[in-house]
Structures are given as C-alpha cells and as structure tokens.
There are 2 protein chains.
Amino acid sequence: MRQMSAPAPSAASPAAPAFSPLYQQIKSLIIQRLQAGEWKAGEAIPSEQELAARFGVSQGTVRKAIDEMAAEKLVVRRQGKGTFVATHAEQEVRYRFLRLVPDEGEAEGKLGRQLLDCQRQRAPAWIAKQLQMRAGDAMIEVRRLLHSKGRPIVLDDIWLPGALFKGLTLEKLEQHRGPFYGFFEAEYGVHMIRAEEKIRAVAADTESAALLDVPVGTPLLSVERLSFTYGDRPVELRRGLYHTEAHYYRNELN
Amino acid sequence: MRQMSAPAPSAASPAAPAFSPLYQQIKSLIIQRLQAGEWKAGEAIPSEQELAARFGVSQGTVRKAIDEMAAEKLVVRRQGKGTFVATHAEQEVRYRFLRLVPDEGEAEGKLGRQLLDCQRQRAPAWIAKQLQMRAGDAMIEVRRLLHSKGRPIVLDDIWLPGALFKGLTLEKLEQHRGPFYGFFEAEYGVHMIRAEEKIRAVAADTESAALLDVPVGTPLLSVERLSFTYGDRPVELRRGLYHTEAHYYRNELN
DNA sequence: GAGTGGTCTAGACCACACT
DNA sequence: GTGTGGTCTAGACCACTCC
C-alpha cells in the first residue's frame, strides 16, 4: 500500500481531493473487515505485525490505525494477549450506553427486566426517517420495563428495522440473559458502536404513569436514542422514560 | 529525564510502584506549567522540538504527551502554527459545555443573557462538600437567565468558591461579553477543563415557573454541573433548569 | 521461550502558515 | 525559505500472558 498523494492539478477531479493518511486508509480497511464479520465479537484480530505484513506498511502505521479504533471502542487492546473486537456482552461494559445511576451507591445493582411486548409493524414516517428506511417498511417494536430494587424505573420503547432482525420474537428475547446489545451482536451480527440521545423533561401520561407506578403528570426524563453501527448506519431507535426520583442521568463533559 | 523503572524488589516500597511511562511524566510536567500559568489561555506553548530538548527526550515522546493533552482538550494543535492553550473564549468552542439544542435549526442562535443576582454568602454544607471547601467558607452565588428568541429557556444558579474569585461583582459580569468561562480564564486564571452533570426531571416551583414564564408544575430538566480545573479540583457548581419544550439536551454515547 | 502489545528513539519527508 | 505540526519508517527494548 502506498501513500495517496494530492491529485495532480491536470487530472479531472473537480471536487473531493480523496486524500487521506495511510493509517486512515488502513483503519478503513480493518473496519470493512469488521463489518463483513471476518472476526466475531470478542474474538482477537490478527497481530499488528501480521496486519502490517498483510497491508505492506510498517507496524507503527497499523498501530496508529488501531489506536484510533481503540479510542472509538471498536476494539479493545490487551497487552500480551492481542487486540479484540469490542462487545457489549462483557461484564465490564454491560449497559455501556445506560447512564442512569442511583443516588446512593454508585454501582447500580442488577436491573430487573420485564418484557411487555414485541410486535411486527409498519414503520411510521417519523421512525422510518431516522432509521433511514421508507415509511411502511417492516419494523419491530419492543416494549419493556427495567426495575431497580423491585421498583419500575425505566420504560423503554424500542424500534428496529425488520430487515436486520428477522425472526426476532418475544420468546427469543426472554430466553437471552443480559443486555439486548449483547444479544443483537451474537444473534444478528449487529454491533452498536455509537449513539445520539435527545433528552427532555416530560409529564407522565396515564399509560406510562401506570407502568412506572407514579401519579399522572410526574416529571419524567424522556431519552430518545438513535444507535449506529459501522459506517454510521442507524439501526435502532428507542425512547426511554426514566423515573428520576432516586436515580439520575450521569454525564461527563470534556 | 530517564525512564522510571519498576522498583527494585529489595527496596522498601511496600505499596505503590510509582511507575509511569516517560511520556506520562512529560505530560504531567507540561500540565504543571499550564497550571502555574506559564502560558496564558490562547497562547502558544513551546514547539515539540524545544520541549524535547528542554526535557531531554525525543520529539516522539513529547508528541505522545501532547497528543493526550489534545484529546483531553487541554491544548489545541494547529498545523504549521503551533500548539495553543485551549480557551473557552474562542468562537468555535464557546458554550462548549452547554448541550441544549433547539428542535429546529441545529445551530443555536445567539443566547440572550439576563443577570439576576450576584451575592457573597457562606457556603452551606451540601455545596461546600462538592467544592471541597468547609461549610461556612466564603462563596459567591450568581443567578441568571438565558433567552432564545426572546423567550427564557435556562435558569442558572451558580456557586463559586470566594477564595478563587475575589472581587467578582455583578458589574464585572455585566461588562463582560460572551460565556462566563472565558471571563473566568481571563480575569481569574481559572480554566474549566472537565465537568460532571447529574440530570433529572423536576416540576417547576412558583419562583422558577415565574422566571421561565411557564405554569407551575411544568416538567423541567434539572442539570447539576460540577466543573473541574487542573488536577481534578472542583471550582464551580451550578444548577440549571432547562425548559425543554422547543429545545433538547443533546448527548453522544461512545 | 515465544508471541503480543507498549514505549522510546532517530531520521526522513510531507502539509501548512507566515513572511 | 523557515518553522511548525503530521506522517511514515525501522529498529531496539520493555511488560505482560501463556505454554
């Protein structure tokens, strides 16, 4: 592989220079292979030496590519062992995207899970738009409650593209233990690597109030999350209603 | 400077190995100088070559130290020009810590600012604890409103340690244009480099409802922010109440 | 001991900004 | 042109894991 240089001025390339450093190109190639499922979640990818040989670049260049991927949490480095495809199934990073923390005792204990519903539907326009599908396309909706110390804390409404999650049923979800994202990786090869959340304060309506066991009108945190897989493809939309009486949403600003 | 190696087994060092890579030591040294105010906000720090010579290490080692500092936004690299002390005063990063976004039109227009109050007080226990001071120590409280398109959106209550912000008055705050954090840097040498937020949904009480021009009981986002300067020293506590009818709090998960 | 990632070095060359 | 950060290389050695 050779450094891509700036286009010659005489060449017919009116717009994008399409230039990028070697290590970025290497990074893209590795991500392509990740996306293709060449290595499964939790497995080791080839060593830096081997990748360097394979791509015909120095180890330092591969290293810089992998450094960025580690920073983006696409992979995890382990000294002496290798570099591994990141997974939501591991103990340390379970509920990586859940920022809800109890007021007392930093470490949230085990969360109880109660599945309410799992239906095949046609995507309404506002959901289809965010998931980059067409209105009316097949979509799966899952609803569930999370409990902490026996009390309902989170009411989640989850929407998934039907094309990616063929055969997903309530039974399958119930059989699986642990977070959904670990299940999605193992069962459908869909890795959530990044998400955007829109947070608002709303009042509980009659249905959510009943499910969360609070009076109608109670202020709740509405958390709308759009999750992305490789290549910035949106693959999940969910809206959570959080009861923040004894919990809070924790965020770090840098 | 030489690599600090693991302690000899015979030496009397029962606990902490106190080992760290060279580039981490360099990073600490540079941060110490930042903290000491050797270079002011927005100024250039010495070139990588010069720092390497000064510390007696290779340029690559200094580079790695500065890479981390750039990732933590302590410093900003500019190719061809140099490396600069990060500042909240620059146009691009103003309101770096404010995550509130209007529903329509990603780019928040100019925010109107209305100062309500600035008082010297004694810190109550719950504030003193978070700011790592003693209850009863001198503290400054500032209250303000932020407006968007003429409507009040944010009600902020800000608490600062009196010892660090001597002579801060309502008049001084009013004279200054732009975000508080730029003002704090320029006037008091206090750089906010990181913050933690605790977010909940609450109901507007009579006072906040009046100030934000909403009915009592309206769900509001309560955002409690603890900001830190170098060395993880907490130097500001604020609580904001956000009206999220036409705005939302945007967050990115990685 | 062999294999992996982690650190450090020295030097070459490129891209960019100022003057 | 000079000086800055940005990329790439090649090689040495260290730290950790597993056999």
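The chains referred to below are lettered A, B, ... by the order of the sequence lines, with proteins before strands, and numbering in each begins at 1. Note that the structure is a prediction, hence the values are computed from the model and not measured.
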Out of D:dG6, D:dC8, C:dT7, which has the shortest distance to the side chain of B:Gln79?
D:dG6
A:Glu48 side-chain proximity, nearest of C:dG6, D:dG5, D:dA10
C:dG6
I need the CD-P distance between B:Glu68 and C:dC8, as an integer number of Å.
11 Å
After noting the C-alpha distance and the side-chain angles of B:Ser148 and B:His247, does the key distance pass the side chain to side chain contact (heavy atoms under 4.5 Å, CB included) rule?
CA-CA 10 Å; B:Ser148 173; B:His247 294 71; 3.6 Å; yes
Do B:Arg77's NZ or CZ and the ring of B:Phe84 fall within the cation-pi criteria of under 6.0 Å and 45°?
no
Measure from CD on A:Gln49 to C1' on C:dG6 and round the result to the nearest Å.
13 Å
Whole Å only: how far is the CG atom of A:Asp67 from the C1' atom of C:dT7?
12 Å
For D:dT4, take OP1 and OP2 only and decide whether either is under 4.0 Å from a side-chain N or O of B:Thr83.
no
Side chain of A:Leu22, heavy atoms from C-beta onward: which of C:dC18, C:dT7, D:dC8 has the nearest atom to it?
D:dC8
Nucleotide opposite C:dA2 in a Watson-Crick or G-U pair, distances under 3.5 Å:
D:dT17
Look at the side-chain N and O atoms of A:Lys64 and state whether any lies under 4.0 Å from the OP1 or OP2 oxygen of D:dT7.
yes
Between B:Arg78 and D:dT4, is there a contact of a side-chain N or O with OP1 or OP2 at under 4.0 Å?
no
Can you tell me if A:Glu196 uses its side chain to pair, donor with acceptor, with the backbone of A:Arg225 under 3.5 Å?
no
Whole Å only: how far is the CD atom of A:Gln59 from the C1' atom of D:dT7?
16 Å
Test applied, side chain to side chain contact (heavy atoms under 4.5 Å, CB included); reference residue, B:Phe180; option that passes from B:His88, B:Arg144, B:Glu185:
B:Arg144
Quick check: does any side chain N or O of A:Glu43 sit under 3.5 Å from a backbone N or O of A:Lys40, one acting as donor and the other as acceptor?
yes
Return the value, rounded to whole Å, for the distance between atom CZ of B:Arg63 and atom C1' of D:dC8.
12 Å
Closest of C:dC8, C:dT9, D:dT7 to the B:Val57 side chain is C:dT9
So, is A:Lys81 close to the D:dC16 phosphate, meaning a side-chain N or O under 4.0 Å from OP1 or OP2?
no
B:Phe55 CZ to C:dC8 P: how many Å, rounded?
14 Å
